Every structure is written in structure tokens, then in C-alpha cells.
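FYI, side chains are in, hydrogens and waters are out, and symmetry mates aren't considered; it's all heavy atoms of this structure. Predicted model, so just to flag it, every value in this text is computed and none were measured. In what follows, chains are A, B, ... by sequence order, proteins preceding strands, each numbered from 1.
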2 protein chains.
Amino acid sequence: MSNYSTKNLDRFSAVFNALSNPHRLQIYTILSGCCTPGTACNMDIITSCCVGDLGSELDIAASTLSHHLKELSHAGLINMQRDGKQVICSVNSEMLNDIRQYFQGNPEVHHESQTG
Amino acid sequence: MSNYSTKNLDRFSAVFNALSNPHRLQIYTILSGCCTPGTACNMDIITSCCVGDLGSELDIAASTLSHHLKELSHAGLINMQRDGKQVICSVNSEMLNDIRQYFQGNPEVHHESQTG
DNA sequence: ACTATAGTTCGACATATTTAGAACTATAGA
DNA sequence: TCTATAGTTCTAAATATGTCGAACTATAGT
């Protein structure tokens, strides 16, 4: 593919790499469900998006969970923000839209959109 | 996520794993472009979906390309069919639709659809 | 300052992935 | 059958990934 930028290729392959691990995909799926994409995870309504709550669903070591969250965050798939003692995780809706566009075959995403 | 089936988790993580390598993502992107999803790759119109043509765009060893195609095929992302000396590759549109539904948050995909 | 809770970083190890070259199979044509 | 073309399988090596436990940092309450 000559008119598909290497930049996008690397960006999306990193995204899919982040989702390629069952634990990370599970985390992302949980976050997709608890936080309506497009809205910041509203903790007044739903209270299950902090790291500890994710951990209680996954049965892996805390250090492993932390590592996976860093991967998802680094790929741009999720946002993490400290709130007191807790760290709140939520889906990055901009990246979710980019992914949707990729699979829709949208030229904005497929052919170098150079907006950044 | 307790109501998200492990089956789907494994299936989709395998799909994303297949797309997590830049070369494989490039292959998939080329195939998405040359073959309109939903139609079998129409070789009367477009002539760039055989293994060799993919290889000429990637600059990797033939054995490596073959390995990557097997991964994509095994994950259900592409179809491969022999036509004489050549092997024609095309996007599996059913899987593409499943992926689209996953990112749309469609419950059919998220919560165990047991149709197979 | 001390303690408890929440999460991260570091170090190590087992396993998986990517890659290429050599040898192989499959098809078509002379 | 012999040859050329198209692609695959096998083997091996370098690199990346997933995982945990121990030690660490950050915040809040006493």
C-alpha cells in the first residue's frame, strides 16, 4: 500500500497490539460498558472504573494489571486520571472513533489525515 | 466484565493480535482497498490481490509473507483460495462486520451470540 | 509522624513472536 | 517428463511479551 501512511500503520498496529491480549481486551470491554463513549466516565452514576475495581474482575497480580493499563493508555485507547487515592480509567473516545473509521474504510483515516 | 463471554474475548483478541503486526495490518489494509468488502475480490477489475502482488509491496521474505497470511486467515480476517498457480486473498466480510459491531458496542457481539 | 489504602516500578523468568533461508509442494506449459 | 513460476513448511535465532513478587511512591486519615 503506497498511499497508506507508515505513521497510521504504526499507530493502528500499536492499538491492535494493545487489544491483542485477552486481559487487556477484557479491561477495554469493561471500560466500554461502564463509561458511555463520548462522555467522561461519570462516577456519580457508575462506580466501577478505578484500577482496583478492574483488578477484582481479572484475577491477575496488581503489577500485571498496572502494566496492562499502561499499555492501553500508551496506545491511546484509554485515559487515566488520579482522583484522591484512586486512579480512574475511561475509554478515549477519539481513538475509538478513529478505529471505527478505520473499519469503515474512511479515507480520512486510511490516507494520511495529517491533522496533528 | 462478567457477562462478556470468554469465547468472544479469545476470538477478538486473536483478531486484534493478527492486526497487531505492521506487516499484517498493511496486508489487511491493502486487501480492504483492493477488494470491496462484501464482494469476492473481483479479478476482472482489480489484479492485485494474489500473494505475489502483496509481496511486491512489503519487502519481506516470501516465507514471512506466507506466515503472516496464515495468521490473518487463521484469525478469520481473510479468505484464501487457489486459482491456478496463484492464491487469491480477500477480506472476510463477516469478520469485518463482527469487528464493526464490537466497536459499536453491539450487544450481539458483546454478550455471547451463540449462533455458530 | 505513623498507618492504611491504592497503585506503580523493578527485576527476573518463561513463553510467544518475527524473521529469513533452505527445502519443499502445486500448478501450468513446452 | 522437464522446467519455470507461485507459494508453503521447516528450522533456527533474535527479540518481544506476560507474568509475578518485592520494593517502591502517592494520598488520606489519625
Side-chain angles (χ1 to χ4, degrees), chain A residues 6 9-31 34 41 43 47-75 77-90, chain B residues 6 9-28 30-31 34 41 43 46-75 77-90:
Chain A
T6 304
L9 223 38
D10 290 344
R11 189 167 73 102
F12 280 107
S13 62
V15 163
F16 297 133
N17 189 49
L19 296 175
S20 71
N21 175 278
H23 287 144
R24 285 196 297 265
L25 184 59
Q26 190 175 2
I27 293 165
Y28 189 75
T29 306
I30 292 169
L31 292 177
C34 84
C41 185
M43 299 305 286
T47 50
S48 57
C49 291
C50 75
V51 174
D53 288 335
L54 289 168
S56 59
E57 304 218 41
L58 291 203
D59 197 37
I60 55 177
S63 57
T64 305
L65 174 60
S66 192
H67 164 72
H68 284 322
L69 289 171
K70 199 163 70 173
E71 296 269 297
L72 288 166
S73 173
H74 197 246
L77 281 160
I78 66 169
N79 303 124
M80 298 177 76
Q81 59 186 88
R82 183 171 278 275
D83 178 26
K85 277 192 290 187
Q86 299 181 317
V87 172
I88 308 301
C89 305
S90 59
Chain B
T6 304
L9 223 37
D10 289 344
R11 190 167 73 102
F12 279 108
S13 63
V15 163
F16 297 132
N17 188 50
L19 296 175
S20 72
N21 176 278
H23 288 145
R24 286 196 297 266
L25 184 60
Q26 191 175 1
I27 293 165
Y28 189 76
I30 292 170
L31 292 177
C34 85
C41 185
M43 299 306 287
I46 300 146
T47 50
S48 56
C49 291
C50 75
V51 174
D53 289 334
L54 289 168
S56 59
E57 304 217 40
L58 291 203
D59 196 36
I60 54 176
S63 57
T64 305
L65 174 60
S66 192
H67 163 74
H68 284 322
L69 289 171
K70 199 163 69 174
E71 296 268 298
L72 287 166
S73 174
H74 198 246
L77 281 160
I78 66 168
N79 304 124
M80 298 176 77
Q81 58 186 91
R82 183 171 278 276
D83 178 27
K85 278 191 291 188
Q86 297 179 319
V87 172
I88 308 300
C89 305
S90 59

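Considering only heavy atoms from C-beta on, Leu77(B) stays 4.5 Å or farther from Arg24(B) through its side chain. With a 4.5 Å cut-off on side-chain heavy atoms, Ile60(A) and His68(A) count as touching. Between Leu69(B) and Leu54(B) there is a side-chain heavy-atom pair separated by less than 4.5 Å. Within the 4.5 Å cutoff, the side chain of Asp53(A) has no heavy atoms near those of the Ile30(A) side chain.
DNA chain D is contacted by both Leu65(B) and His68(A); Leu65(B) maps to the nucleotide lying nearer its 5′ end (nearest heavy atom per residue). Remark on DNA chain C: of its neighbouring residues Thr64(A) and Lys85(A), the 5'-side contact belongs to Lys85(A), judged by nearest-heavy-atom nucleotide. Summary of the strand contacts: Ala62(B) and Asp59(A) both lie near DNA chain D, and taking for each the nucleotide with the nearest heavy atom, the more 5' one is attributed to Ala62(B).
A donor-acceptor pair is defined here as one N or O able to donate and one able to accept, closer than 3.5 Å; such a pair exists between the side chain of Arg82(B) and the backbone of Gly84(B). Here the side chain of Thr29(A) pairs a donor or acceptor atom with the backbone of Leu25(A) at under 3.5 angstrom.
Near DNA chain D, meaning a heavy atom under 4.0 Å from it, residues 13-22 of chain B has no residue at all.
dG21(D) and dC10(C) make up a base pair, with Watson-Crick or G-U wobble contacts both under 3.5 Å.
Nucleotides of DNA chain D that come within less than 4.0 Å of any heavy atom of chain B span, from the 5' end to the 3' end, dT5(D) to dT9(D).
Distance OG1/Thr64(B) to CG/Leu58(B): 10.0 Å, rounded to 0.5 Å. Once rounded to the nearest 0.5 Å, the distance linking CG of Asn79(B) with SG of Cys89(B) reads 9.0 Å.
Atom pair Leu69(B):CG and dT18(C):C1' shows a separation of 14 Å (rounding to whole Å applied). His67(A) has its NE2 atom 12 Å from the P atom of dT9(C), to the nearest Å. In this entry the distance linking CZ of Arg24(B) with C1' of dT18(C) reads 8 Å, nearest Å.
For the OP1/OP2 pair of dT8(C) and a distance below 4.0 Å, the side-chain nitrogens and oxygens of Ser63(A) include no atom meeting the criterion.
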Donor-acceptor pairs under 3.5 Å, side chain of residues 13-20 of chain A to any protein atom, not counting sequence neighbours: which ones?
residue	atom	partner	partner atom	Å
Ser13(A)	OG	Leu9(A)	O	3.0
Ser13(A)	OG	Asp10(A)	O	3.2
Ser20(A)	OG	Asn17(A)	O	2.7

